[in-house]
Amino acid sequence: MKLWERRFKDRKEDPYLEEFNASITEDFFLFNSEIIASKAYAKALHEAGILSDEELSQILNGLDKVIERVKAGVEARKYEDVHTLVESLLIDEIGDVGKKLHTGRSRNEQVVTDEKLWMRGRIIGLIELLKELQRTIIKVAEENFDVIIPGYTHLQQAQPVLFSHYIMSLFWALERDKDRLLMALKGLTSSPLGSGALAGTTIPIDRDKLAKEMGFRGPTENSMDSVADRSFILDALFAISMIAIDLSRFTEDFIIYSSREFGFLELEDHISTSSSLMPQKKNPDFFELIRGKTARFISYLTSLMVTLKGLPMTYNKDLQEDKFPLFRAFTEIEEIIVVFNKCLLGIHPDQENILRKMASFMLATDLVDYLVAKGIPFREAHGIVGELVYTAQAEGKELKQLSLDEFKKFSPAFEDDVFEIFDFRKSVERKKTYGSTNPEFVRKQIEKAKKIIS
Ligand code: ARG
């Protein structure tokens, strides 16, 4: 059924083309928002003198009946989009009065209003999910607080760090992701409704009141901008992509760390799978899928950016393509956060094996600092230790295997106490800066994190 069918005489529908034009399968998720916005709009029409008291209550009741009918099941595919569906069912239910609801209104403004209403709830839900994951991170950090791992740069062992420090680094990334979601939420504070198709309407709608009725702070400022704008979706898609990217980075670590070559992490069986051919396999499929699916979010963001970049003002049907990335991104990111959360609880660091893999070369920087403490200028100390590392490696030795005499060949500043350097735990404890891996600072970090999410 078409709301505009009388524009044509004997228009013969080509079902294939009609289906191509329709968006009902992609925008039905906006149904509840469409009802909220329609009720608010009916009230605004009533205020504007278009609907009598009686007509308003008929429309409001009619919209409730539409909800019931949809719950009972309707053949949604008959309708072009969710806006058409609601209006058509309303007219079915209450007859001619229903035909007044669209006075001065355009689907161009309805669609953005619905999207903003829908996104509001979903963003808040997403922030809650992220908080839950942050709680899990804290739990995992506390349970493995003292475990020491190699910290990497360039995927080369760099300096020892606490596992708790490492895993807490994800907490702060997610904290920024939450901030980005809050910023996206701020972009949803103004209501487009009352903008008409693009130019506003002759019906004296009190847009401010209408906006507040739907929980917006106020109306948008420019009717043309209102119907053409989709940047509020891009903001959310970027925030969502960043969540996926942040989780993906860590799944990459977990995948590598659980390999035989590393053997740092033991994965519980229920977060592992095996092979149909190779019976020995224990595969980190869930983490791989999160890493793999991250590509989708980036594509949702890019696809909408590309849709927008060449559009003439104002509404163009291309904009109908915004629903797919919007709905998919919100739905799929929730799934990914839940899966990540469950799997994070199933990873267990193997301290013994980790220590076996940690080379004492990772303490070379500590050795430099040792010489600096003995009064040697940093650049000189750095050079001395560089030569030490070179020589030890050439001789196939670890730094700690050199004798004091050998150390002294490189600098007379080396004394007996040099061997105290070769202790990963002490190395971690020697860190003095706020935000460092020093256990005291990590404890403070966790306390602060707890406060943030409480
Ligand atoms: N289904 C359309 C969309 O999602 C609604 C707006 C239609 N507007 C129009 N002028 N055809 O974009």
Side-chain angles (χ1 to χ4, degrees), residues 1-7 22-24 27-28 30-53 55-67 79-118 188 190-216 218-230 232 313-317 319-320 322-323:
M1 190 229 159
K2 298 289 180 308
L3 297 172
W4 39 259
E5 60 195 1
R6 283 157 77 184
R7 163 65 180 78
S23 57
I24 187 70
D27 63 22
F28 188 75
L30 295 173
F31 177 76
N32 287 336
S33 311
E34 177 69 18
I35 295 283
I36 291 169
S38 291
K39 284 187 174 175
Y41 194 72
K43 289 180 194 164
L45 285 178
H46 174 250
E47 294 256 335
I50 302 294
L51 297 179
S52 68
D53 294 355
E55 288 170 330
L56 173 63
S57 74
Q58 271 181 285
I59 289 183
L60 295 180
N61 291 334
L63 287 167
D64 285 334
K65 284 187 201 148
V66 170
I67 300 176
Y79 305 93
E80 189 181 331
D81 54 27
V82 70
H83 324 289
T84 313
L85 175 138
V86 169
E87 194 185 331
S88 306
L89 290 179
L90 178 69
I91 295 168
D92 271 6
E93 288 295 330
I94 63 170
D96 279 351
V97 181
K99 294 182 179 170
K100 292 193 173 185
L101 176 60
H102 208 57
T103 314
R105 191 174 74 156
S106 162
R107 285 181 292 162
N108 300 353
E109 53 177 342
Q110 281 171 266
V111 64
V112 266
T113 306
D114 292 357
E115 286 172 335
K116 284 185 172 181
L117 286 173
W118 182 83
L188 306 176
S190 53
S191 159
L193 215 51
S195 295
L198 77 162
T201 167
T202 57
I203 314 296
I205 300 282
D206 181 342
R207 289 193 61 210
D208 192 57
K209 202 160 177 205
L210 172 57
K212 285 172 180 149
E213 174 74 24
M214 293 181 288
F216 289 103
T220 51
E221 299 298 331
N222 179 308
S223 60
M224 294 179 78
D225 178 45
S226 305
V227 296
D229 177 35
R230 294 296 183 279
F232 62 96
M313 289 290 276
T314 52
Y315 178 84
N316 302 270
K317 192 73 172 212
L319 291 172
Q320 184 163 283
D322 64 352
K323 251 75 72 197

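T220 has its side chain out of reach of D225: every pair of non-hydrogen atoms, C-beta onward, lies at least 4.5 Å apart. Contact annotation: the side chain of D27 never approaches that of W118 to less than 4.5 Å [non-hydrogen atoms, C-beta and beyond]. In this structure, E80 and R107 have side chains that are in contact, with non-hydrogen atoms separated by less than 4.5 Å. You'll find the side chain of S191 stays beyond 4.5 Å of the side chain of K212, heavy atoms only. The closest side-chain heavy-atom distance from K65 to D92 is not below 4.5 Å. Between I67 and L63 there is no side-chain heavy-atom pair separated by less than 4.5 Å. Counting heavy atoms from C-beta outward, I59 and K39 have side chains that stay 4.5 Å or more apart. Here the side chains of V227 and P192 are not in contact, with every heavy-atom distance at 4.5 Å or above.
M214 approaches A40 most closely through the heavy-atom pair CG-CB, 3.5 Å. The shortest heavy-atom contact between A48 and P204 is CB-O, 3.6 Å. Heavy atoms only, all atoms of each residue included: A228 and M313 are closest at CB-SD, 3.8 Å. Between A197 and N108, the shortest heavy-atom contact is O-ND2, 3.2 Å. What you find for A37 and D114 is that their closest heavy atoms are CB-OD1, 3.7 Å.
Of the residues D208, L210, L193, L117, the one that meets the side chain to side chain contact (heavy atoms under 4.5 Å, CB included) test with F216 is L117. Checking L101, T103, L45 one by one against L51, the side chain to side chain contact (heavy atoms under 4.5 Å, CB included) holds for a single residue, L45. If you run side-chain hydrogen bond (donor to acceptor under 3.5 Å, both in side chains) between Q110 and each of E115, E34, E87, only E34 comes through.
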Discussion item. The test is side-chain contact (heavy atoms from CB on, under 4.5 Å); show your working for I203 and I50 and say whether it passes.
Written reply: CA-CA 8 Å; I203 314 296; I50 302 294; 3.6 Å; yes
Discussion item. Go through it in stages, so that I can follow the logic: the residues are T113 and S33, the test is side-chain contact (heavy atoms from CB on, under 4.5 Å), and I'd like the CA-CA distance, side-chain angles, deciding distance and then a yes or no.
Written reply: CA-CA 8 Å; T113 306; S33 311; over 6 Å; no
Worksheet entry | Residue pair I205, Y41: steps toward the side-chain contact (heavy atoms from CB on, under 4.5 Å) verdict | CA-CA 9 Å; I205 300 282; Y41 194 72; 3.9 Å; yes
Discussion item. Test side-chain contact (heavy atoms from CB on, under 4.5 Å) on I35 and V66; report intermediate values, then the result.
Written reply: CA-CA 9 Å; I35 295 283; V66 170; 4.3 Å; yes
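Salt-bridge formation is not detected for the pair E109/R207: no Lys NZ or Arg NE/NH1/NH2 atom is positioned less than 4.0 Å from an Asp or Glu carboxylate oxygen.
How far NZ of K43 is from OG of S38: 12.0 Å, rounded to the nearest 0.5 Å. Between L319 atom CG and S23 atom OG the span is 11.5 Å, to the nearest 0.5 Å. Atom CD1 of I24 is separated from atom CG of L85 by 4.5 Å, given to the nearest 0.5 angstrom. Put simply, CG on N32 and CG on L30 are 9.5 Å apart, with the number rounded to the nearest 0.5 Å. Within the model, atoms CD of Q320 and CG of D81 stand 6.5 Å from one another, a figure rounded to the nearest 0.5 Å. A distance of 7.0 Å separates OG in S52 from NE2 in H46, rounded to the nearest 0.5 Å.
No donor-acceptor pair closer than 3.5 Å links the side chain of S190 to the backbone N or O of P219.
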